[in-house]
Amino acid sequence: MLRPGADPDNVQMSDVLCDFCHAMWTADLPFVEGHQGHVICGRCVRVACLEVESVEGGAESTRQCCMCLEDRPEPCWASPLDAQARICRRCIEMAADALEGDAESGWQRP
Ligand SMILES: [Zn+2]
Ligand SMILES: [Zn+2]
């Protein structure tokens, strides 16, 4: 998401905040973009990977994933800060793949 007050026509790295933990995008914190300006940082992807794996099979999402904007019947991870910020398992996997594929990020799947 964009920092409140940011100029959408002149977005700087520091104007981009993780939707899930509200951390600022910096050179040493990799971000993954979703739809409509929603982003998740590498730290949150790591937590989401761990927590979604610990969900016992039956947990179902009834709310929209904010990364793909789909309402998917599968486990998802919600931000501890903002229950509206949710990411489905598929998007967690895609984000983890993207981060792992980016050698410069140094990100590793937990
Ligand atoms: Zn984050
Ligand atoms: Zn999704």
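Whatever order the structure lists them in is the order used to number ligands and atoms, beginning at 1. Atom set for the values below is all heavy atoms of this structure, side chains included, hydrogens, waters and symmetry mates excluded.
In summary, Arg46 and Glu51 do not engage in a salt bridge, as defined by a charged side-chain N under 4.0 Å from a carboxylate O.
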Margin query: side chain to side chain contact (heavy atoms under 4.5 Å, CB included) for Cys41 and Phe20? Distances and angles first, verdict last.
Written below: CA-CA 8 Å; Cys41 74; Phe20 296 82; over 6 Å; no
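At least one N, O or S atom of Cys44 sits under 2.8 Å from the Zn ion (ligand 1).
The 12-atom threshold is not exceeded at CE of Met24, counting heavy atoms of other residues, nucleotides or ligands nearer than 6.0 Å.
Around the Zn ion (ligand 2), the angle linking Cys65 (SG) with Cys68 (SG) is 110°, rounded to 10 degrees. Vertex the Zn ion (ligand 2); arms to Cys88 SG and Cys91 SG; angle rounded to 10 degrees, 100°.
Contact check for Cys44 versus Trp77: side-chain heavy atoms found under the 4.5 Å cut-off.
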